[in-house]
**Q** 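For reference, the structure I am asking about is given below.
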Amino acid sequence: MSEYINKLIADVKAKNPAEPEFHQAVTEVVESLEVVLKKHPEYRSAKILERMVEPERVIMFRVAWVDDQGEIHVNRGFRVQMNSAIGPYKGGLRFHPSVNLGILKFLAFEQVFKNSLTTLPMGGGKGGSDFDPKGKSDNEVMRFCQSFMTELFRHIGADTDVPAGDIGVGGREIGYLFGQYKRLAGEYTGVLTGKGINWGGSLVRPEATGFGAVYFAKEMLKTKGHDVEGKTFAVSGFGNVAWGAVMKINELGGKVVTLSGPDGFIYDKDGVKGEKIDFMLKMRASAKDSVKDYADKFGVEFHAGKRPWSVKVDVAMPCATQNEIFTDDAKELLKNGCMCITEGANMPTTLEAYKVIEDAKILFSPGKASNAGGVATSGLEMSQNSMRLPWSREEVDRRLQEIMINIHDTCVRTSAKYGMPGNYVAGANIAGFLKVADAMMDQGVV
Ligand code: NDP
Ligand code: 2IT
């Protein structure tokens with residue numbers, strides 16, 4: 001790495017201590033950008049990267065709420081408004097006990113590049129709370145969401161910042177958040193995406209991230225003369241993204257043999273299909289966070305405390321959370337003949353594991369490219385809200401497919417242009433960067 005890139009990474013670490021996930025996300029991106037900066041010294045003199053690693057604004061606030069027993073709880077709320085060069089801040093909210101500033105900064109940073117790749121006018125942001133939805137009643141979740149929005153509402157808006165869901169935030173939470181926003185702001189606008197279909201939501205948004213990731217995997221496989229049909233998939237997680245992916249894999253004739261949770265993974269040799277997919281929704285809604293329930297119900301293998309990457313599959317789709325494929329997992333996948341890894345989650349592969357995969361030269365796509373279908377469909381929801389005109393399922397799905405094929409082409413073309421053919425990580429980082437960097441150049445020093 002050049003001295004400049006090394007210093008940039010060292011400065012980010014020194015200035016943002018105790019934020020390892022943010023360091024990881026920045027390192028992965030800026031390492032790919034070395035060739036671009038060589039070709040375009042103007043980005044370097046305009047300090048584009050130095051500006052990109054500094055959020056435009058971070059909002060951090062107290063969220064106090066009362067549980068069903070009358071006890072008071074205090075959580076921490078955040079919104080990281082990372083970059084608004086190409087549109088209003090856009091990105092999800094995560095409710096999970098592991099949430100902290102560093103995790104949200106990594107997610108907001110990734111979101112900037114991802115949103116740029118979608119071709120839609122969206123800047124990057126991310127937010128959330130260390131609130132743990134596990135075991136909470138509907139009323140408790142509602143009171144928490146209302147308290148969270150009571151502070152957040154003054155910082156967001158349909159033309160300034162449009163949050164959506166992420167881990168722990170699905171349709172129910174978006175409903176409670178939207179109701180409170182409407183009450184406080186006194187307006188009915190598309191300030192959140194992932195809304196219910198009767199009150200401004202878009203068809204296909206719930207399935208979009210998983211669907212998009214499988215459309216992307218299909219394009220990747222096509223470059224090697226393969227297809228989803230007849231392939232075996234390992235999927236991790238059993239949440240929103242995993243659910244959408246499993247449905248689309250089945251529809252396209254593939255077979256999913258694993259799901260995972262914090263408690264371990266299930267191996268279903270006959271495939272997760274039919275009523276078993278509906279059961280995923282029940283498991284998620286139960287807020288028990290246990291995938292063992294699937295094994296108990298359908299009598300399949302359960303491997304406690306293990307990740308699903310030891311199983312022999314053609315394609316791996318990590319769809320749970322960050323850093324869930326480590327070096328040993330990568331070696332295991334390769335040993336078993338895995339030909340393609342398509343990230344559904346954000347940054348599920350560690351930097352070290354990625355090096356092993358990169359050396360093996362199998363197909364590998366970073367989440368910022370292959371999971372962009374979720375936020376892209378959020379962008380389509382924003383368009384429909386602005387027009388006050390909903391599109392049909394076919395229309396939204398057609399646009400989603402078009403966007404995913406476009407992102408795939410962009411990654412392939414850009415990586416080839418910069419001398420790294422087949423490297424989706426470089427392609428996504430460079431293409432995502434160029435659009436935002438050019439907008440920042442045009443808009444002066446801000
Ligand atoms: P869900 O809350 O629906 O599901 C998340 C899944 O991952 C659950 O099975 C969850 O179990 C598991 N999980 C979460 N944290 C951990 C952890 N620390 N260790 C082990 N398992 C964990 O979230 P989504 O499906 O929405 O999100 C999954 C991934 O996809 C995340 O990386 C998210 O950022 C990304 N993503 C989501 C998009 C969306 O539109 N929803 C769009 C693009 C990316 P548990 O809760 O028990 O830990
Ligand atoms: O990581 C992501 O892209 C999301 N959680 C979706 C964000 C959005 O605004 O739809």
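We count residues from 1, following the sequence as given. Counting starts at 1 for both ligands and their atoms, in listed order.
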**Q** Considering only the protein, which heavy-atom contact is closest to atom 19 (N) of ligand 1, and what is its distance?
**A** Thr321 CG2, 3.9 Å

**Q** Which option, Gly239, Ala345, Pro348, Ala320, owns the non-hydrogen atom nearest atom 28 (C) of ligand 1?
**A** Ala320

**Q** What protein heavy atom sits nearest atom 6 (C) of ligand 2, and how far off is it?
**A** Arg205 NH2, 3.6 Å

**Q** Is the centre of the Phe78 ring less than 6.0 Å from the centre of the Phe61 ring?
**A** no

**Q** With a 4.0 Å cut-off, would you call Lys218 and Asp227 a salt bridge?
**A** yes

**Q** What do you reckon, does Ala242 have a nitrogen or oxygen under 3.5 Å from a nitrogen or oxygen of ligand 1?
**A** no

**Q** State whether the shortest distance between N or O atoms of Asn371 and N or O atoms of ligand 2 falls below 3.5 angstrom.
**A** no

**Q** Should the ring pair Phe216 and Tyr424 be called parallel, tilted or perpendicular, given that the plane angle runs from 0 to 90° and is split at 30 and 60?
**A** perpendicular

**Q** Give the residue, atom name and distance (to 0.1 Å) of the protein heavy atom nearest atom 33 (C) of ligand 1.
**A** Asp166 OD1, 3.1 Å

**Q** Taking the six-membered ring of Phe265 as reference, does the cationic atom of Lys306 (NZ for Lys, CZ for Arg) lie under 6.0 Å from its centre and within 45° of its axis?
**A** no

**Q** Give me the nearest non-hydrogen protein atom to atom 7 (C) of ligand 2 as residue plus atom name, then the distance to 0.1 Å.
**A** Gly92 N, 3.5 Å

**Q** Step through it carefully: locate the ring centre of Phe95, locate the ring centre of Phe144, and say whether they are under 6.0 Å apart.
**A** yes

**Q** Has Lys136 got its NZ or CZ under 6.0 Å from the middle of the six-membered ring of Phe131, at an angle within 45 degrees of the ring axis?
**A** yes

**Q** May I ask you to identify the nearest protein heavy atom to atom 3 (O) of ligand 2, giving residue, atom name and distance to one decimal place in Å?
**A** Lys114 NZ, 2.7 Å

**Q** With respect to atom 42 (C) of ligand 1, which of Val241, Thr209, Val169 exhibits the smallest heavy-atom separation?
**A** Thr209

**Q** For atom 35 (C) of ligand 1, what's the nearest protein heavy atom and its distance?
**A** Asn346 ND2, 3.6 Å

**Q** Any atoms of ligand 1 less than 4.0 Å from a non-hydrogen atom of Cys319? List them with their elements.
**A** 28 (C), 29 (C)

**Q** Is a side-chain donor-acceptor pair under 3.5 Å present for Arg183 with Gln180?
**A** yes

**Q** To which protein heavy atom is atom 9 (O) of ligand 2 closest, and what is the distance rounded to 0.1 Å?
**A** Lys90 NZ, 2.7 Å

**Q** Is it the case that Arg399 places NZ or CZ above or below the six-membered ring of Trp391, under 6.0 angstrom from the centre and within 45 degrees of the axis?
**A** yes

**Q** In the protein, which heavy atom is nearest to atom 27 (O) of ligand 1, and how far is it?
**A** Ile167 CG1, 3.6 Å

**Q** Among all protein heavy atoms in this structure, tell me which lies nearest to atom 10 (O) of ligand 2, with the distance rounded to 0.1 Å.
**A** Ser378 OG, 2.5 Å

**Q** Against the six-membered ring of Tyr188, is Lys182 placed for a cation-pi contact (under 6.0 Å from the centre, within 45° of the normal)?
**A** no

**Q** Tell me which one of Val375, Asp289, Asn240 gets a heavy atom nearest to atom 47 (O) of ligand 1.
**A** Asp289

**Q** Tell me, please: is Arg205 in heavy-atom contact with ligand 1, that is, under 4.0 Å?
**A** yes

**Q** Salt-bridge test for Glu352 and Lys355: reply yes if a basic N is under 4.0 Å from a carboxylate O, no otherwise.
**A** no

**Q** Would you say the side chains of Tyr89 and Asn83 form a donor-acceptor pair under 3.5 Å?
**A** no

**Q** At what distance is the nearest protein heavy atom to atom 9 (O) of ligand 1, and which residue and atom is it?
**A** Phe238 N, 3.2 Å

**Q** Is Asn346 touching ligand 2 with its side chain, its backbone, both, or neither, if touching means heavy atoms under 4.0 Å apart?
**A** side chain

**Q** With the threshold set at under 4.0 angstrom, would you say Lys126 reaches ligand 2 through any of its heavy atoms?
**A** yes

**Q** Polar contacts were defined as any N/O atom of the residue lying under 3.5 Å from an N/O atom of the ligand; does this apply to Gly165 and ligand 2?
**A** yes

**Q** Counting distance only, does the side-chain N/O of Ser202 pair as donor-acceptor with the main-chain N or O of Arg205 below 3.5 Å?
**A** no

**Q** Starting from atom 1 (P) of ligand 1, locate the nearest protein heavy atom and write down its residue, its atom name and how far away it is, to 0.1 Å.
**A** Arg284 NE, 3.7 Å

